[in-house]
Enquirer: 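The structure that follows is given in the form of structure tokens.
Residue numbers begin at 1 in each chain, while the letters A, B, ... track the order of the sequences.
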2 protein chains.
Amino acid sequence: MAGADTTPRLWIKIYFGERGQLGPGKIRLLQAIDADRSIAAAARTMNMSYRRAWLLVDQMNQTFGQPVVATRTGGSARGGAELTALGREIVARYLALLDQAQGQSAEELAELADLIQPDD
Amino acid sequence: MAGADTTPRLWIKIYFGERGQLGPGKIRLLQAIDADRSIAAAARTMNMSYRRAWLLVDQMNQTFGQPVVATRTGGSARGGAELTALGREIVARYLALLDQAQGQSAEELAELADLIQPDD
């Protein structure tokens, strides 16, 4: 039997053909933007560059054909930002899908983990 | 409604905590070794270096604590190879899990795809 630290977890990316893909990194970025109300602050939270965060947001805008983040130019050079209704729905649906897949695959994941030979 | 080319597909990686992870690349490599009966030939099929293929096989051996590939030193410097029973079981269980997850998530995936604004 495998130890507790080998409890398998799913990591799911969704490919939308030529429209791109959506995975844990982009979802975590959206969650950080939602929490921090700023792309710059979310980038710092995610330990990525502002440019990288913008690129990922832009990729999602391209994938879905509509903005997932709404920006507001405030007093500072880099104004606030918040998720659009679409952005919120994408996060919610992705998390629901992940949660469901993890739950429904629990038996198969446990069988795979049982193939692991313990260290001791 | 999204076009046919945006039909979403799952890409699943399984994390076994500190023991490592298993994803589509490693599974495809095992399938290629099974088909080609050689790690060197499988590496060519996968368009990766022999060293890279060996590294991935070794990572799987480490994850599962037993060999996933058995090598035979033949007449050539790089003898044949084949999957062990463990290697075969890993491939079969991963593919079954992926197939099941794709099927069970079909409705959620379709709903996510419906969020995509068509180009036209």
Side-chain angles (χ1 to χ4, degrees), chain A residues 2-24 27 60-68 84-120, chain B residues 2-24 27 60-68 84-120:
Chain A
D5 64 343
T6 57
T7 303
R9 306 290 308 172
L10 290 182
W11 195 97
I12 292 186
K13 202 177 269 192
I14 303 166
Y15 280 85
F16 299 98
E18 297 174 355
R19 290 297 282 257
Q21 42 84 4
L22 185 68
I27 293 297
M60 288 187 275
N61 292 346
Q62 300 286 335
T63 295
F64 288 94
Q66 293 178 80
V68 297
T84 62
L86 173 65
R88 287 182 197 287
E89 189 162 359
I90 289 167
V91 172
R93 287 188 181 278
Y94 175 88
L95 294 179
L97 188 152
L98 182 65
D99 196 53
Q100 177 185 290
Q102 181 79 32
Q104 289 176 335
S105 303
E107 196 175 324
E108 288 72 18
L109 286 171
E111 283 168 353
L112 262 170
D114 278 346
L115 297 177
I116 294 180
Q117 192 80 1
D119 276 331
D120 299 323
Chain B
D5 64 343
T6 57
T7 303
R9 305 291 306 171
L10 291 182
W11 195 97
I12 290 185
K13 201 177 272 193
I14 303 166
Y15 279 86
F16 298 98
E18 296 173 356
R19 291 296 283 256
Q21 43 84 3
L22 185 69
I27 294 297
M60 288 187 275
N61 292 346
Q62 301 285 336
T63 294
F64 288 94
Q66 293 178 81
V68 298
T84 61
L86 173 65
R88 286 182 197 287
E89 190 163 358
I90 289 167
V91 172
R93 288 189 181 277
Y94 175 90
L95 293 179
L97 187 152
L98 181 66
D99 196 52
Q100 177 184 291
Q102 180 81 33
Q104 289 175 335
S105 304
E107 196 175 322
E108 287 72 17
L109 286 171
E111 282 167 352
L112 261 171
D114 278 346
L115 298 177
I116 293 179
Q117 191 81 359
D119 277 330
D120 297 324

Enquirer: How long is the gap from CG on D99(B) to CD on E108(A), to the nearest 0.5 Å?
Expert: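 Atom-to-atom, D99(B):CG and E108(A):CD are 11.0 Å apart.
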
Enquirer: Taking every heavy-atom pair that is under 4.5 Å apart, which of Q104(B), E107(B), E111(B) has the most such pairs with chain A?
Expert: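 Max contact count across the listed options: Q104(B).
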
Enquirer: Answer yes or no: is there a side-chain heavy-atom contact under 4.5 Å between F16(B) and I116(A)?
Expert: yes

Enquirer: As an exercise: rank I12(A), L86(A), L115(A) by heavy-atom pairs under 4.5 Å with chain B and give me the winner.
Expert: L115(A)

Enquirer: State, yes or no, whether a side-chain contact exists between E89(B) and L112(A) at a heavy-atom distance under 4.5 Å.
Expert: no

Enquirer: Distance from R93(B) atom CZ to D114(A) atom CG, nearest 0.5 Å?
Expert: 8.5 Å

Enquirer: Which value, rounded to the nearest 0.5 Å, describes the distance between W11(B) atom CH2 and Q21(A) atom CD?
Expert: 9.5 Å

Enquirer: How close do Q117(A) and R19(B) get, counting heavy atoms only, and between which atoms?
Expert: O-NH2, 2.7 Å

